[in-house]
Amino acid sequence: LNTIYSNIQSGSEKAPALILHLSDLLSYSIYESGSKLISLEMELSGLHNLVALEKQHKKYSIEMRLPPENEIQDKLIAPLTIVKLFEESITLLDASDVVHSEITLDIAMVSNNFTLDLTFNSLPEKALITSKWLTLIENTQNKLNEFYNKADYQIKLITDKNKVSV
């Protein structure tokens, strides 16, 4: 919100687009969160709005790789699954005083299975504290358990030198 406010105050040409991204993200969060399943396209649209807002922070460079549109049509997902995972990951980074991180969201459909590789590069050691990331994984699992059988999904955490992957 501070970034949007600053852009409005400075008369930046970015301000209207940022307000629109925030509005779309809030609408998605409010109106779709109660649904059992939503289209993957809608979830990725919500993610796109969140990423557009987060890209305004100079300490993150974010790359998002998406599958072709025809591969995600008619696919369903629990609402806010990816959006919440990304949002909570950014919150962890902010709490770790990260100076800069390269974030990659690599989303694909493989043999009719959805895959997401969320990678944070160039992290200081403080940001690699596994217990905080494990809590993030646990929260995501709890969300997934509301809608899916445990046998239907896999989520794991990989930490390496200056890197975390979910």
(message) Using side chain to side chain contact (heavy atoms under 4.5 Å, CB included), reason through Ile4 and Leu53 one step at a time and then give a plain yes or no.
(response) CA-CA 9 Å; Ile4 294 172; Leu53 293 170; 4.1 Å; yes
(message) Could you go through Thr81 and Tyr153, starting from their C-alpha distance and side-chain angles, then the distance that decides it, and tell me whether this counts as side chain to side chain contact (heavy atoms under 4.5 Å, CB included)?
(response) CA-CA 12 Å; Thr81 302; Tyr153 71 87; over 6 Å; no
(message) Between Met109 and Leu40, is the side chain to side chain contact (heavy atoms under 4.5 Å, CB included) condition met? List the steps.
(response) CA-CA 11 Å; Met109 294 298 297; Leu40 182 54; 4.0 Å; yes
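You'll find the side chain of Phe114 reaches within 4.5 Å of the side chain of Ile107, heavy atoms only. Between Ile103 and Ile90 there is a side-chain heavy-atom pair separated by less than 4.5 Å. Contact check for Leu134 versus Glu138: no side-chain heavy atoms found under the 4.5 Å cut-off. Contact annotation: the side chain of His21 approaches that of His48 to within less than 4.5 Å [non-hydrogen atoms, C-beta and beyond].
When all heavy atoms of Leu136 and Ser89 are compared, the closest pair comes out as CD2-OG, 3.3 Å. Minimum heavy-atom separation, Leu76 to Tyr148: O-OH, 4.2 Å. Residues Trp133 and Leu157 share a closest heavy-atom pair of CB-CD2, 3.5 Å.
Here the OG1 atom belonging to Thr91 is positioned 12.0 Å from the NZ atom belonging to Lys132, to the nearest 0.5 angstrom. Atoms CD1 and NZ, on Ile137 and Lys156 in that order, are 11.0 Å from each other to the nearest 0.5 Å. How far CG of Leu47 is from CD1 of Ile82: 6.5 Å, rounded to the nearest 0.5 Å. With values rounded to the nearest 0.5 angstrom, Ile155 atom CD1 is found 6.0 Å from Leu144 atom CG. Considering CD1 of Ile77 and CZ of Phe147, their distance stands at 10.5 Å, rounded to 0.5 Å. A distance of 8.5 Å separates CG in Leu85 from CG in Leu105, rounded to the nearest 0.5 Å.
Annotation: salt bridge (charged side-chain N to carboxylate O under 4.0 Å, His left out) contacts of Glu87 (sequence neighbours excluded): Lys84. Partners of Ser45 by side-chain hydrogen bond (donor to acceptor under 3.5 Å, both in side chains), not counting sequence neighbours: none found.
In this model, no donor atom of one side chain and acceptor atom of the other lie less than 3.5 Å apart for Asn121 and Thr119.
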Using residues 8-19 as the side-chain source, report each donor-acceptor pair under 3.5 Å to any protein atom, sequence neighbours left out, with the distance given to one decimal.
| residue | atom | partner | partner atom | Å |
| --- | --- | --- | --- | --- |
| Gln9 | NE2 | Tyr5 | OH | 3.4 |
| Ser10 | OG | Ser6 | O | 3.1 |
| Ser10 | OG | Asn7 | O | 3.3 |
| Ser12 | OG | Asn7 | OD1 | 3.0 |
| Ser12 | OG | Lys14 | N | 3.0 |

When the side chains of residues 28-37 are checked against the rest of the protein, which donor-acceptor pairs come out under 3.5 Å, sequence neighbours left out?
| residue | atom | partner | partner atom | Å |
| --- | --- | --- | --- | --- |
| Tyr28 | OH | Glu43 | OE1 | 2.1 |
| Tyr28 | OH | Leu80 | N | 3.2 |
| Ser29 | OG | Leu25 | O | 3.0 |
| Ser33 | OG | Ser29 | O | 2.9 |
| Ser35 | OG | Glu32 | O | 3.4 |

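Every pair passing side chain to side chain donor-acceptor pair (under 3.5 Å) that includes a residue from residues 65-77 is listed here, sequence neighbours excluded: Glu63-Arg65, Lys75-Asn112.
Cluster partners of Val110, using a side-chain heavy-atom cutoff of under 4.5 Å among ILVMFWY residues and allowing indirect links: none.
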